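Remember, it's a predicted structure, so these values are computed and weren't measured experimentally.
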Amino acid sequence: MKLYRSLIYRELRLTRKRIVLMLLLFFLLALLLLIPVFIGGFSDAAESDESPPISILLLAGTIALTNGIMAGTNNGLQKADISSGWKQYSFVLPTTAKQQALSDMLVKLMLIIFFGLLSAAYCLIFSLAAHYNAIELILNIYLCTAAAVMLVDVAYSYIMMFAKDKNDLAVIGVIAFLGAGALLHVADIFFDIKLPDKSEKDGAVISDAAFNRFAAGLGSVKTTLCALAAIAVICAMYYLVMWRSHERREP
């Protein structure tokens, strides 16, 4: 247990500046989006449980999306280890590649839980102000976003695994960035994301009925279970990639 605590402490210590910047971004964005609450923007309660105020989805959803991106994104530790030479030095340490990979995955899970709790706490303020329970809806947005960004991180980490020194970092870093972008493009084509046609009656981009169906589906327990299952699978993939990266020796 002491070994894992040491490995986790090392990663958090080396990435503390990035974590602090993410927290500053969260609090600044949260403060900005809380202005409608401070000025009484949610003085009117929701009409029914099936009709969530769109302002909740926009404001609290923005926080959930931002936190999901921050929780799932790459922390830069892999590049720092390669650049500093710690990766080569780690080969002579008593810690195994499996132990190092497990600590990486545990840190990733810690960040997901931490930013998930921040999203829930922020959404609770909106829910109380608007008299509508939107916590499950916002957490599903958060979980789906975190899963998607983690999948990109897995692809990025896999490509970065082939960098051996500082000279390789620049070229492989660009390839990893382009590869992650290509993965998002393929996902966009696969899911065929398109904006709905405007309504002929009121000219709205999306009708109230369609929005309510979308919100109900997004906030359902089925979506929560699917998102959690996706995160579990992606965490396993992340573990395997980091395991392979830590055990990779110089040819």
Side-chain angles (χ1 to χ4, degrees), residues 8 11-12 15-76 106-153 184 206 208 211-232 234-235:
I8 291 173
E11 182 165 344
L12 293 177
T15 59
R16 65 187 184 280
K17 291 183 178 179
R18 185 183 292 248
I19 295 175
V20 169
L21 286 175
M22 289 191 298
L23 286 175
L24 287 176
L25 174 61
F26 165 76
F27 286 116
L28 288 174
L29 185 60
L31 181 61
L32 176 64
L33 297 181
L34 278 174
I35 292 177
V37 176
F38 295 151
I39 64 177
F42 294 129
S43 57
D44 296 330
E47 295 180 359
S48 66
D49 290 340
E50 290 79 21
S51 302
I54 192 170
S55 54
I56 289 183
L57 186 61
L58 292 177
L59 298 179
T62 300
I63 286 292
L65 286 170
T66 304
N67 284 355
I69 292 172
M70 292 191 296
T73 191
N74 185 271
N75 59 7
L106 290 176
V107 171
K108 180 71 72 175
L109 288 175
M110 288 170 56
L111 290 176
I112 291 175
I113 294 173
F114 176 71
F115 282 105
L117 292 175
L118 287 180
S119 300
Y122 180 84
C123 181
L124 181 61
I125 298 175
F126 277 87
S127 298
L128 293 175
H131 307 285
Y132 178 83
N133 184 11
I135 293 181
E136 187 172 9
L137 172 67
I138 299 307
L139 284 183
N140 283 350
I141 295 176
Y142 169 79
L143 291 173
C144 292
T145 304
V149 177
M150 279 183 63
L151 185 60
V152 173
D153 185 26
L184 287 176
I206 183 171
D208 291 339
F211 170 76
N212 291 336
R213 288 196 301 270
F214 169 76
L218 189 59
S220 65
V221 177
K222 183 184 295 185
T223 302
T224 304
L225 295 177
C226 290
L228 290 175
I231 288 179
I234 295 172
C235 280

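Atom OG1 in T223 sits 11.0 Å away from atom CG in L228 (nearest 0.5 Å). Put simply, CD1 on I69 and OG1 on T145 are 6.5 Å apart, with the number rounded to the nearest 0.5 Å. Expressed to the nearest 0.5 Å, how far SG of C226 lies from CD1 of I231 amounts to 12.0 Å. Within the model, atoms CD1 of I135 and OH of Y122 stand 13.5 Å from one another, a figure rounded to the nearest 0.5 Å.
Side-chain atoms of E136 and V221, non-hydrogen and from C-beta on, do get closer than 4.5 Å to each other. At a threshold of 4.5 Å between non-hydrogen side-chain atoms, the residues L29 and T62 count as touching. A heavy-atom distance below 4.5 Å is found between the side chains of I113 and L117. With contacts defined as side-chain heavy-atom distances shorter than 4.5 Å, the pair L23/F114 qualifies. Proximity of L21 to R18: side-chain heavy atoms (C-beta onward) are nowhere separated by under 4.5 Å.
Checked options L118, I112, L137; the residue passing with Y142 is I112 (criterion: side-chain contact (heavy atoms from CB on, under 4.5 Å)). With respect to L33, the side-chain contact (heavy atoms from CB on, under 4.5 Å) criterion is satisfied by exactly one of L28, T66, I63: I63.
Of all the heavy atoms in I138 and C123, the pair that sits closest is CG1-SG, 3.3 Å. Closest of all the heavy-atom pairs between N140 and S220 is ND2-O, 3.2 Å. What you find for T73 and K108 is that their closest heavy atoms are O-NZ, 3.0 Å. Annotation for E11 and N75: closest pair OE2-ND2, 2.7 Å, computed over non-hydrogen atoms.
By the side chain to side chain contact (heavy atoms under 4.5 Å, CB included) test, I234 pairs with A147, M150, L151, V154, sequence neighbours left out. Under the side chain to side chain contact (heavy atoms under 4.5 Å, CB included) criterion, V20 pairs with L24, not counting sequence neighbours.
Remark: the S119 side chain and the N67 side chain contain an N/O donor-acceptor pair separated by less than 3.5 Å.
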Decide yes or no on side chain to side chain contact (heavy atoms under 4.5 Å, CB included) for M22 and I19, but give the supporting numbers first.
CA-CA 5 Å; M22 289 191 298; I19 295 175; 4.2 Å; yes
